[in-house]
Amino acid sequence: MVHDVVVVGGGAAGLSAALVSARSCRRVVLIDSGEPRNMAAETTHGFLTRDGVAPGQLLATGSAEVRRYGAQVLADRVVDIATGDGHFSVEIESGAVVAARAVVVATGLRDELPAIPGIREQWGKGVLHCPYCHGYEVRGAPLAVLGGANRAFSVHQASLVRQWSDDVLFFPREIVLSEIERSRLSARGVQVIEGDVNRIIVQDGRCRGVELASGQLVSRSAIFVGPCFVPRDELLTRLRCAVGDDGWVAVDATGRTSVAGIWAAGNVADSPAQLIHAAAAGSKAAVAVNHYLLESDIQLCLAER
């Protein structure tokens, strides 16, 4: 069987795309490897009517809704997407191949974190990156922001996090701040602490602070870091989807790539997208895919006449 749509990735974007496609009476298969970006977090926030829900619960509810409308959900990993014979062949790790007229890739991104002991262990708990997602839960607490390879993000983050607490320390680490940047941070009430960071202090499973290479211990309740965002776009680049000047796969407002029949939705094409934005992107992609298939159906009928 040639399905109408294959959705690759079962996060908010992928589930939303599958849901809207299935409700459009399309034959839909969603394939998910079970590695959502936000599973390290205890709760999700900012998603209207679902604020505070655990990531696993949100995805389980979404998967059940997708199945309710007849879509198939496969727990597997897509290893390749090939073109030919008027459709796409989606190869999965188990060896099967799923044929589809259109594909929505919603594989997300991975966060490259600073190589500092304690960060990975506390990721999503005492070490955070998005204050819009988790800032309210640590409001008023003594907070730290660690500089990293994502320079612009880190410097901006130091000023931004101040919105949630009046006790914010910025550890620039390898970042050399300009005088203008220092003035802006000072005006914002953010203190800059120089020196290398040795580790994150963790006691009883909780973040307790920062240890500098000098041995100084700085007590903090939570730490914000700016990861390097790396899109999981290998499937798209192997299809030769055009890439923009920023190095990310280029898409239009609906997620359409330069390859006809291929859409990208969510963090794989949009690093700042929060959960609710990713869900919206999946919905927009599904509507565009349905219009694309509609036009294809009309053209086929005209040709047969």
Show me, pair by pair, the donor-acceptor contacts under 3.5 angstrom made by side chains of residues 87-99, not counting sequence neighbours?
| unit_1 | atom_1 | unit_2 | atom_2 | d |
| --- | --- | --- | --- | --- |
| His87 | ND1 | Asp85 | O | 3.1 |
| Ser94 | OG | Asp76 | OD2 | 2.7 |

Side-chain donor-acceptor contacts of residues 197-206 below 3.5 Å, not counting sequence neighbours, with atom names and distances?
| unit_1 | atom_1 | unit_2 | atom_2 | d |
| --- | --- | --- | --- | --- |
| Asn198 | ND2 | Glu211 | OE2 | 2.5 |
| Arg199 | NE | Glu211 | OE1 | 2.9 |
| Arg199 | NH2 | Glu211 | OE1 | 3.1 |

Distance-only donor-acceptor hits, side chain of residues 139-156, under 3.5 Å, sequence neighbours excluded:
| unit_1 | atom_1 | unit_2 | atom_2 | d |
| --- | --- | --- | --- | --- |
| Arg139 | NH1 | Tyr136 | O | 2.7 |
| Asn150 | ND2 | Pro227 | O | 2.8 |
| Arg151 | NH1 | Glu181 | OE2 | 2.7 |
| Arg151 | NH2 | Val176 | O | 2.8 |
| Arg151 | NH2 | Glu181 | OE1 | 2.9 |
| Ser154 | OG | Gly148 | N | 3.3 |
| Ser154 | OG | Asn150 | O | 3.1 |

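Hydrophobic clustering (ILVMFWY, side-chain heavy atoms < 4.5 Å, transitive): Val5 and Leu74 are in distinct clusters.
Under the rule for a salt bridge (charged side-chain N to carboxylate O under 4.0 Å, His left out), Arg162 has no partner lying at least two apart in sequence or in another chain. For Arg188, the side chain to side chain donor-acceptor pair (under 3.5 Å) partners are Gln163, not counting sequence neighbours. For Asp80, the salt bridge (charged side-chain N to carboxylate O under 4.0 Å, His left out) criterion is met by Arg238, not counting sequence neighbours. Evaluation of the side chain to side chain donor-acceptor pair (under 3.5 Å) rule for His45 yields Thr43, Asp51 as partners, not counting sequence neighbours. Applying the salt bridge (charged side-chain N to carboxylate O under 4.0 Å, His left out) criterion to Arg68, with sequence neighbours excluded, gives no partner residue. Applying the side chain to side chain donor-acceptor pair (under 3.5 Å) rule to Glu137 yields no partners; only residues at least two apart in sequence or on another chain are considered. Not a single ring pair (Phe, Tyr, Trp, His ring centres under 6.0 Å) links Tyr69 to another residue, sequence neighbours left out.
Clustering of Ile, Leu, Val, Met, Phe, Trp and Tyr side chains at separations under 4.5 Å places Trp164 together with Tyr132, Leu160. Apart from Ile298 itself, the hydrophobic cluster it occupies contains Leu294, Leu302, where clustering links Ile, Leu, Val, Met, Phe, Trp and Tyr at side-chain heavy-atom distances under 4.5 Å.
Ion pairing of Glu234 with Arg77 is absent here, as no side-chain N (NZ or NE/NH1/NH2) approaches a carboxylate O to less than 4.0 Å.
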